[in-house]
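Just so we're clear, the structure is a prediction, and the values are computed from it rather than from any experiment.
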Amino acid sequence: MLKKINLQYLLSYFGLVPFFILILDKYFFWKIKGEISLSFLIYYILIIFVFIGSMNWNLKIKIKEHIVIYGFLPSIFATTIIIFNQYYSNQIYILLVLIFLILLQLLFDYYFIYLDEINKHAFFYLRLPLTLLIILFSLVIIS
């Protein structure tokens, strides 16, 4: 049984736990202040966003330049969003922009990374559902 469990998939889905904690707190416990919850959500999604972008890099081989630039763009966007958040921009707007960016990243990942792949298992069983769950949970938290 344990040999059939993919540790990468398991750990990826465990990344949803903070979203569950924020949702439970928002609707049942009321311990985390709304501003702290939104700030945490922004930074946590940024970590995920940059991590996904960096996964497209393979330092062992030379990859195409557009993939290098594509993998670097989330870092630039994340830095920009951190700056906006530090200057007290509306956190709801920042989160909506983040949701748009991770959805855009999902679409571009499919086009740049998975379109030519024969086995799209990782996209359809990991990347797509996790991104959609992150978007759904984020919308529940900010609503």
Side-chain angles (χ1 to χ4, degrees), residues 1-59 63-143:
M1 173 73 179
L2 288 177
K3 290 182 182 180
K4 292 184 178 184
I5 295 175
N6 185 327
L7 187 60
Q8 291 168 312
Y9 281 45
L10 183 66
L11 291 176
S12 294
Y13 278 97
F14 273 135
L16 296 174
V17 169
F19 292 98
F20 287 121
I21 291 170
L22 289 176
I23 290 170
L24 285 173
D25 183 76
K26 178 177 180 166
Y27 291 105
F28 299 109
F29 301 120
W30 310 289
K31 298 290 183 188
I32 303 172
K33 290 182 181 179
E35 182 179 319
I36 293 172
S37 179
L38 291 177
S39 289
F40 175 81
L41 188 60
I42 288 169
Y43 292 121
Y44 190 65
I45 292 174
L46 284 173
I47 290 169
I48 293 168
F49 183 64
V50 172
F51 177 75
I52 291 169
S54 68
M55 283 180 34
N56 298 324
W57 287 35
N58 186 346
L59 299 176
I63 59 176
K64 298 176 184 172
E65 288 81 14
H66 71 280
I67 299 295
V68 172
I69 293 169
Y70 174 67
F72 180 69
L73 283 177
S75 298
I76 293 172
F77 292 142
T79 303
T80 305
I81 288 171
I82 289 170
I83 291 168
F84 283 134
N85 191 44
Q86 291 301 312
Y87 283 103
Y88 304 107
S89 292
N90 188 329
Q91 290 181 319
I92 300 296
Y93 292 143
I94 291 173
L95 283 165
L96 291 174
V97 167
L98 267 173
I99 288 170
F100 173 75
L101 287 174
I102 61 173
L103 186 58
L104 200 60
Q105 186 182 42
L106 175 71
L107 296 172
F108 284 140
D109 273 3
Y110 185 80
Y111 178 74
F112 288 132
I113 310 298
Y114 294 101
L115 188 63
D116 294 331
E117 293 285 322
I118 295 170
N119 183 3
K120 294 179 173 75
H121 189 270
F123 182 81
F124 288 115
Y125 290 101
L126 185 69
R127 184 70 173 86
L128 179 65
L130 282 174
T131 300
L132 295 177
L133 285 171
I134 288 169
I135 290 169
L136 175 68
F137 294 157
S138 297
L139 290 173
V140 167
I141 292 167
I142 64 176
S143 65

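Scored by the ring-ring contact (aromatic ring centres under 6.0 Å, His included) test, Phe40 finds Tyr44 as partners (sequence neighbours excluded). In this structure Tyr125 satisfies the side-chain hydrogen bond (donor to acceptor under 3.5 Å, both in side chains) test with no other residue, sequence neighbours excluded. In this view, Pro129 and Tyr13 satisfy the side-chain contact (heavy atoms from CB on, under 4.5 Å) rule, not counting sequence neighbours. Scored by the side-chain contact (heavy atoms from CB on, under 4.5 Å) test, Ser12 finds Leu126, Leu130 as partners (sequence neighbours excluded).
When side chains are defined from C-beta on, Ile99 does not count as touching Ile134, because their heavy atoms never get closer than 4.5 Å. Here the side chains of Thr79 and Ile83 are in contact, with some heavy-atom distance below 4.5 Å. Counting heavy atoms from C-beta outward, Ile142 and Leu96 have side chains that approach closer than 4.5 Å. For the pair Leu46/Phe77, no side-chain contact is recorded, criterion being any heavy-atom separation below 4.5 Å from C-beta on. Taking 4.5 Å as the limit, some side-chain heavy atom of Leu22 sits within range of a side-chain heavy atom of Ile32. At a threshold of 4.5 Å between non-hydrogen side-chain atoms, the residues Phe123 and Ile113 do not count as touching. Side-chain contact between Ser138 and Ile45 is present, with heavy atoms from C-beta onward closer than 4.5 Å.
Sorted by first and then second residue, the side-chain hydrogen bond (donor to acceptor under 3.5 Å, both in side chains) pairs with a member in residues 22-40 read Ser39-Gln91; sequence neighbours excluded. Within the structure, the salt bridge (Lys or Arg N to Asp or Glu O under 4.0 Å) test picks out the following pairs touching residues 110-128 (sequence neighbours left out): Asp109-Arg127.
Atom CZ of Phe84 has 12 or fewer neighbouring heavy atoms from other residues, nucleotides or ligands inside a 6.0 Å radius. By the neighbour-count criterion of 12 heavy atoms within 6.0 Å, atom OH of Tyr43 is densely surrounded, having more than that number from other residues, nucleotides or ligands. In Tyr9, the OH atom is crowded: over 12 heavy atoms of neighbouring residues, nucleotides or ligands sit closer than 6.0 Å.
Separating the CG atom in Leu95 from the CG atom in Leu38 is a distance of 6.0 Å, to the nearest 0.5 Å.
Checking side-chain atoms of Thr131 against main-chain N and O of Leu128 turns up no donor-acceptor pair under 3.5 Å. Side chain of Gln105 to main chain of Phe49: a donor-acceptor pair is present (N/O by atom type, distance under 3.5 Å, no hydrogens or angles).
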- Message: Would Phe137 and Phe20 count as a ring-ring contact (aromatic ring centres under 6.0 Å, His included) here? Give the steps.
- Response: CA-CA 8 Å; Phe137 294 157; Phe20 287 121; 4.9 Å; yes

